[in-house]
Number of protein chains: 2
Amino acid sequence: MCNSLGESMLDNLRGMAVFASVVGHGSFSGSARELGITTSAVSQQIRSLENELGVVLLHRSTRKLSLTEAGESFYEAAKDVVSAAEQGRIRVNQLRDELAGSLRIATTPELGVHHILPALSTWMAAHDDLSINYLADNHYVDMIDERIDIAVRMSPSIDDHALSSYPLTDVRQLLVASPQYLRQHPKIESPKDLSEHNLICIELTKDPAILELTQTETGKKTRIKMQSRMHTNNVFMATTLAKEGHGLIRVMEMDVRKELESGALVEVLTGYKLPSFVLYAVTLSREQQPAKIVRCLEVLKKYFQTN
Amino acid sequence: MCNSLGESMLDNLRGMAVFASVVGHGSFSGSARELGITTSAVSQQIRSLENELGVVLLHRSTRKLSLTEAGESFYEAAKDVVSAAEQGRIRVNQLRDELAGSLRIATTPELGVHHILPALSTWMAAHDDLSINYLADNHYVDMIDERIDIAVRMSPSIDDHALSSYPLTDVRQLLVASPQYLRQHPKIESPKDLSEHNLICIELTKDPAILELTQTETGKKTRIKMQSRMHTNNVFMATTLAKEGHGLIRVMEMDVRKELESGALVEVLTGYKLPSFVLYAVTLSREQQPAKIVRCLEVLKKYFQTN
DNA sequence: AAGCATTACGGCGTACGTAATGATT
DNA sequence: AATCATTACGTACGCCGTAATGCTT
């Protein structure tokens with residue numbers, strides 16, 4: 001490839017920084033000390049710069065330096081280059097190291113309200129330089145387009161291998177119903193009893209009515225398809241329906257913790273378990289993340305470890 | 001030499017320019033085309049920059065680029081770097097190519113009034129963007145300290161070999177006197193007759209009263225020391241004294257042209273000549289001079305060639 | 001004599017191009 | 001199929017350090 005002459009801005013920049021340092025110091029050797037290079041290197045840079053610009057920038061008389069008119073003018077620009085570069089570095093370091101700027105977190109409304117907000121609330125409060133932006137949507141969002149720093153998602157939807165994911169916690173699924181419902185319907189003592197019951201479907205998986213039950217003691221697995229006449233894509237609605245005694249729901253443990261404690265809902269088939277989900281935090285890249293992202297992931301991880 | 005990490009401003013600058021171009025274009029390949037390098041080079045620059053900064057600047061999804069928060073901030077700085085560099089180059093090119101800015105010319109008051117001003121007056125008038133600064137002093141001036149672009153000096157004081165000099169013209173020295181003086185004093189027909197005359201010394205050379213006369217026809221040289229009771233460092237004063245009949249003066253032809261034409265002074269010993277001076281224009285460096293300096297030298301040269 | 005700038009020379013690093021790969025439309 | 005980004009790899013130029021030289025105080 002023949003680069004006839006002058007690649008415009010690409011070249012020179014190094015020389016400009018050296019030049020700015022030289023003028024600022026008033027000497028080649030002083031500049032060299034500042035830059036951590038030899039006076040030889042400085043001299044060569046200046047010479048090369050002058051050759052490229054086709055003009056003498058400073059007259060040297062061994063003991064004194066004196067800017068030419070062009071040099072004086074160019075010095076202003078060189079100073080600007082250096083200061084802009086420094087500003088950029090400073091700003092980037094801030095954004096990388098300090099808990100400041102913005103942090104964009106995507107999740108579903110349910111996960112957000114019940115888990116993410118509680119997990120981060122004290123941390124958020126402790127860092128008021130940080131502006132946190134929650135994008136709570138049920139539909140898929142493009143992390144790049146929406147500039148999401150952290151998405152919290154359920155397994156196993158990690159098909160995008162460009163993303164890196166951090167497992168936060170196993171999320172057990174439970175089969176629950178209201179005590180009222182259970183009193184009014186046939187007892188459930190083994191998986192096959194389920195066929196006489198209604199399932200209120202939360203459409204998280206493709207075949208929501210098919211249950212894969214594993215006997216806790218023996219590990220024996222059973223697949224069973226329940227009848228289901230009510231469907232919703234919303235956990236709140238499903239739990240409400242269940243509390244009102246309309247049927248069983250397969251639901252994540254975290255989403256019904258309060259109801260289980262209060263007795264508004266109770267688990268059925270306690271000797272069996274449904275396949276767990278894994279709750280993942282997902283980021284766009286694993287390496288070289290700003291501190292706020294790393295810290296937020298840590299906070300999330302710790303929160304789910306202790307709950 | 002161990003450069004542990006990060007040489008502050010010296011590095012990165014290239015990468016910053018590339019980064020600015022990439023963001024400005026919205027693509028690596030577009031930037032590559034603009035910069036005249038391959039996308040490979042662009043990719044490597046960005047990667048290297050990100051590694052050095054320790055932060056991801058932009059997320060790439062093959063078809064789309066998206067700045068991270070740090071990237072967005074850094075982009076501002078990168079733009080500033082590039083635009084400062086461009087401004088510098090533009091300004092320097094102006095000062096190099098256009099007849100604008102300032103031009104500092106040093107000479108003696110006599111040379112200035114009689115020769116430099118006439119030589120440059122029309123040229124000056126034709127370029128009103130050019131501000132010309134005449135430093136007319138009899139004492140020595142440091143060209144670097146005073147930021148002189150062009151000095152006009154007499155030979156042979158070119159002892160400073162760091163300077164480059166352009167011969168403008170030979171300046172003949174003449175021995176002249178007023179007609180009145182010549183009528184009232186002994187005839188001068190050969191060099192030895194001079195011993196009976198007075199020389200009004202203009203102190204340009206070290207031994208102003210010693211004349212080296214060369215016979216025009218034969219080339220035979222004669223050295224003679226004249227008496228001298230009047231001294232001055234000023235040509236005007238000397239010519240005035242001569243016109244008033246106080247003695248002979250050894251003077252440059254250019255300085256007494258008018259008087260010779262009007263007959264106020266006449267040359268003596270026309271068959272002999274004094275050693276010529278050479279009038280030099282002197283600059284600080286020979287290469288890579290701004291256009292205005294080169295042009296000014298040309299104007300001076302042409303002026304003296306045609307006079 | 002000491003400090004400074006310039007130059008030549010040589011070595012090391014790195015910035016680049018080529019080519020192959022994978023991703024996206 | 002076409003365009004785009006990334007990566008590995010080899011090369012060549014560029015940057016820099018060493019050392020010698022010259023200049024200034």
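By convention in this document, chain letters (A, B, ...) are assigned in the order of the sequence lines, proteins followed by strands, and residues within each chain are numbered from 1.
- Distances shorter than 4.0 Å separate some side-chain N or O of B/Gln45 from OP1 or OP2 on C/dC16.
- Relative to the ring axis of B/Phe277, B/Arg153 does not place its NZ or CZ within 45° and under 6.0 Å from the centre.
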Report all interatomic pairs (protein N or O, nucleotide N or O of nucleotides 6-9 of chain D) with separations under 3.5 Å.
from: D/dT6; atom 1: OP1; to: B/Arg60; atom 2: NE; distance (Å): 2.3
from: D/dT6; atom 1: OP2; to: B/Ser43; atom 2: OG; distance (Å): 3.0
from: D/dT7; atom 1: OP1; to: B/Arg47; atom 2: NH2; distance (Å): 3.4
from: D/dT7; atom 1: OP2; to: B/Arg47; atom 2: NE; distance (Å): 2.8
from: D/dT7; atom 1: OP2; to: B/Arg47; atom 2: NH2; distance (Å): 2.5
from: D/dT7; atom 1: O4; to: B/Ser40; atom 2: OG; distance (Å): 3.2

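- No side-chain donor-acceptor contact under 3.5 Å links B/Arg47 and B/Gln44.
- Taking atom CG of residue A/Asn12 and atom C1' of nucleotide D/dG14, one finds them 14 Å apart after rounding to whole Å.
- Between the CZ atom of B/Arg14 and the C1' atom of D/dC13 there is a distance of 11 Å, given to the nearest Å.
- The number of heavy-atom neighbours closer than 6.0 Å to CZ of B/Arg295, taken from other residues, nucleotides and ligands shown, is 12 or below.
- With C/dC4, C/dG17, D/dT18 as the choices, the nucleotide that has an atom nearest any side-chain atom of A/Thr38 turns out to be D/dT18.
- Taking atom CG of residue B/Asp142 and atom P of nucleotide D/dT24, one finds them 11 Å apart after rounding to whole Å.
- Atom CG of B/Leu49 and atom P of C/dT14 are 15 Å apart (whole Å).
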| request: Report the C-alpha distance between A/Gln288 and B/Asn51 in whole Å, list the side-chain angles of each, state the deciding distance to 0.1 Å, and finish with yes or no for side-chain contact (heavy atoms from CB on, under 4.5 Å). | output: CA-CA 8 Å; A/Gln288 294 178 336; B/Asn51 283 335; 3.1 Å; yes
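- Between A/Leu10 atom CG and D/dC13 atom C1' there is a gap of 15 Å when expressed in whole angstrom units.
- Remark: P of D/dG14 and CG of A/Asn51 are 12 Å apart, rounded to the nearest angstrom.
- Spacing between atom CD1 of A/Ile46 and atom P of D/dG14 amounts to 18 Å, rounded to whole angstrom units.
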| request: Using the side-chain contact (heavy atoms from CB on, under 4.5 Å) rule, take B/Val56 and A/Leu284 through it: C-alpha gap first, then chi angles, then the decisive distance, then the call. | output: CA-CA 10 Å; B/Val56 176; A/Leu284 278 170; over 6 Å; no
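- Residue A/Ser27 has its side chain nearest to C/dA5 when only C/dA5, D/dC15, D/dA5 are considered.
- In this model, no donor atom of one side chain and acceptor atom of the other lie less than 3.5 Å apart for B/Ser102 and B/Ser131.
- Looking only at atom types and distance, the side chain of A/Ser73 has no donor-acceptor partner in the side chain of A/Glu69 under 3.5 Å away.
- The CG atom of B/Leu65 sits 14 Å away from the C1' atom of C/dA23 (whole-angstrom rounding).
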